[in-house]
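Below is one structure, written out as structure tokens, with a few remarks after it.
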Amino acid sequence: MDRETHEGHQFANDAERLVWDRLSRQVHPDTVLVPNLRLTSTQKDHELDILVLMPEVGVVVVEVKGGSVSVDGQGRWWSGGRNRTSRIRPVEQARDGKYALRAFIEADPRWKNCRSRVRFGHAIVLPYTDLASDFATPDCPRWMVSGREDLDDLAGRVHDVAALQQNEQRVPTHDDILLIREILTGRSLPVPDITAEADEREAVADRLTQEQAALLKVTRLIPRLEVRGGAGSGKTILALTQAKDLTRGQGERKPQRVGLLCYSIGLSQYFKRQLEGVPRRHRPAFAGSFEDLANEWGISTTTTATTPTSGSGTSPLRWPRWRPVSQRGSGSTRSSSMRRRTSPTTGGTRS
């Protein structure tokens with residue numbers, strides 16, 4: 001028997017689990033069982049307690065009602081004993097679920113205009129209720145409902161709900177059953193997208209919090225500033241924003257030449273991507289790694305600097321006034337600190 005596994009599946013009640021277990025042991029090996037299938041239509045939401053897919057027989061929706069079930073003289077169904085009863089509508093639930101299922105399958109592009117309608121049926125199972133052999137209501141004949149005494153032949157009775165139908169609907173083939181199972185998993189499902197995750201992170205990173213904006217506002221006139229924080233705290237965004245603000249100037253503050261520097265090659269590439277669409281007047285004069293800056297200034301980054309000795313012609317390798325910020329604090333990284341240095345003619349932001 002091929003069935004959808006229910007390991008770890010939480011059935012709504014013990015009655016549904018009992019019926020599932022009985023069917024699992026009794027049905028034909030080719031039969032597929034699906035527990036608690038939820039469907040939503042424009043009219044309402046449906047939950048199919050157990051769906052039985054039988055090749056060469058039909059598709060049957062099984063509605064399970066536990067506890068004591070009774071039917072009064074007006075044909076109304078009730079659940080519960082003397083002191084507490086509630087109105088139930090098992091036949092209506094099973095019938096509506098059947099039609100909703102059929103509509104969903106037949107509307108799928110893989111089925112529509114490709115296959116004709118197959119045989120559908122619905123059944124009621126009352127595993128704890130005794131039913132008379134001649135029980136019947138206008139909308140629920142005895143062969144459609146199974147009680148406590150019918151559980152030993154439950155699979156056969158569900159089989160007959162579809163097999164005994166006399167209509168023009170054809171029985172489903174094995175291929176039909178496979179397609180129905182595929183349709184019930186959905187279609188055109190989204191897959192994991194690394195780009196989407198990156199876009200979300202970028203959107204979050206681009207959105208300055210009120211605290212970050214306030215921090216930039218109160219430090220605009222401070223010539224030297226160091227910001228410390230853990231990974232993801234917004235240091236990089238602060239540096240990028242401050243660099244653009246210093247470059248374009250604001251109010252009485254004149255535009256400055258700004259260098260935006262970092263250690264990481266990946267971060268330097270991120271800076272460059274972020275600044276591609278920024279107007280030239282708002283773009284820092286330089287954005288990249290310290291090594292990139294050294295190469296741009298003609299300083300070799302592959303030559304080991306030496307300390308000149310008396311009388312030697314070797315000159316020490318000298319860096320400009322921007323210098324790396326040493327790693328600080330337990331668990332911090334090189335990007336865990338940001339220092340900005342400015343001068344009357346040159347401004348710089350380092351991350």
Side-chain angles (χ1 to χ4, degrees), residues 1-7 9 11-12 16 19-20 23-24 26-64 89-125 139-141 143-146 154-193 195-196:
M1 179 200 63
D2 188 7
R3 63 171 179 169
E4 301 291 338
T5 179
H6 73 294
E7 293 181 4
H9 179 78
F11 287 93
E16 291 182 7
V19 173
W20 173 274
L23 287 174
S24 298
Q26 299 174 14
V27 295
H28 189 275
D30 291 337
T31 298
V32 177
L33 300 179
V34 181
N36 298 120
L37 176 65
R38 297 180 182 272
L39 290 171
T40 297
S41 66
T42 55
Q43 287 77 31
K44 60 186 294 188
D45 296 327
H46 307 268
E47 181 176 352
L48 283 54
D49 291 339
I50 300 176
L51 176 62
V52 185
L53 307 176
M54 298 173 285
E56 308 302 332
V57 180
V59 177
V60 177
V61 173
V62 177
E63 178 67 24
V64 180
R89 296 175 173 81
V91 180
E92 180 181 330
Q93 286 179 268
R95 183 176 59 243
D96 290 350
K98 175 186 69 175
Y99 290 134
L101 173 67
R102 190 177 71 182
F104 180 79
I105 293 172
E106 293 180 348
D108 191 282
R110 290 164 289 185
W111 188 286
K112 188 176 182 180
N113 300 326
C114 300
R115 300 172 188 249
S116 59
R117 176 170 295 174
V118 297
R119 188 173 295 176
F120 283 81
H122 61 279
I124 315 299
V125 180
D139 60 351
C140 185
W143 52 266
M144 186 183 292
V145 57
S146 299
L154 185 57
R157 294 180 62 83
V158 171
H159 172 279
D160 290 345
V161 168
L164 298 180
Q165 290 186 26
Q166 298 182 7
N167 52 44
E168 297 179 356
Q169 297 173 4
R170 65 182 180 86
V171 296
T173 64
H174 285 77
D175 187 54
D176 290 327
I177 298 300
L178 290 175
L179 180 56
I180 290 174
R181 294 185 64 184
E182 182 179 339
I183 290 173
L184 293 180
T185 64
R187 63 176 181 268
S188 302
L189 303 178
V191 297
D193 187 352
T195 302

Judged by modelled atom types alone, do E16 and N36 share a side-chain donor-acceptor pair under 3.5 Å?
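Their side chains do contain a donor-acceptor pair, which is all the 3.5 Å distance test asks for.
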Could you tell me if D30 and H174 have a donor-acceptor pair between their side chains, going purely by distance under 3.5 Å?
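Per modelled atom types, H174 and D30 side chains form a pair under 3.5 Å.
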Determine the minimum heavy-atom distance between [X] and [Y], stating which atoms define it.
X    : Y    : value
L189 : T185 : CD1-O, 3.6 Å
Q169 : F120 : OE1-N, 3.7 Å
A123 : V161 : CB-CG2, 4.0 Å
H46  : S41  : NE2-OG, 3.4 Å
L39  : L48  : CD1-CD1, 4.2 Å
A94  : V61  : O-CG1, 4.1 Å

V145 backbone acceptor or donor facing R157 side chain under 3.5 Å
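Yes, the answer is positive, given that a donor and an acceptor are paired below the 3.5 Å cut-off.
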Spell out, as yes or no, whether a donor-acceptor pair under 3.5 Å connects the side chain of Q93 to the backbone of V64.
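Between the backbone of V64 and the side chain of Q93 there is no qualifying donor-acceptor contact (under 3.5 Å).
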Are the side chains of [X] and [Y] in touch, meaning some heavy atoms are under 4.5 Å apart?
X   : Y    : answer
V34 : I50  : no
H28 : E56  : no
V57 : V171 : no
E63 : H122 : no

Tell me, with the steps shown, if W111 and I180 meet side chain to side chain contact (heavy atoms under 4.5 Å, CB included).
CA-CA 9 Å; W111 188 286; I180 290 174; 3.9 Å; yes
Rounded to the nearest 0.5 Å, what's the gap from [atom1] on [X] to [atom2] on [Y]? Could you check?
X    : Y    : atom1 : atom2 : value
L51  : R181 : CG    : CZ    : 10.5 Å
R119 : N167 : CZ    : CG    : 5.5 Å
R187 : R110 : CZ    : CZ    : 7.0 Å
C140 : R95  : SG    : CZ    : 10.0 Å
R115 : D108 : CZ    : CG    : 10.5 Å
M54  : L33  : CE    : CG    : 9.5 Å

Report the residue from R170, E106, E168 that forms a side chain to side chain donor-acceptor pair (under 3.5 Å) with S116.
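Only one option passes, and that is R170.
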Apply side chain to side chain contact (heavy atoms under 4.5 Å, CB included) to residues V19 and F11 and explain how you reach the verdict.
CA-CA 11 Å; V19 173; F11 287 93; over 6 Å; no
Ionic contact status for D96 with R89, cut-off 4.0 Å:
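D96 and R89: not salt-bridged.
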Does L101 form a side chain to side chain contact (heavy atoms under 4.5 Å, CB included) with L37? I'd like the steps, not just the answer.
CA-CA 9 Å; L101 173 67; L37 176 65; 4.1 Å; yes
Matching residue for P172 among L178, L179, I177, L53 - test: side chain to side chain contact (heavy atoms under 4.5 Å, CB included)
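With P172 as partner, L178, L179, I177, L53 yield a single side chain to side chain contact (heavy atoms under 4.5 Å, CB included), made by I177.
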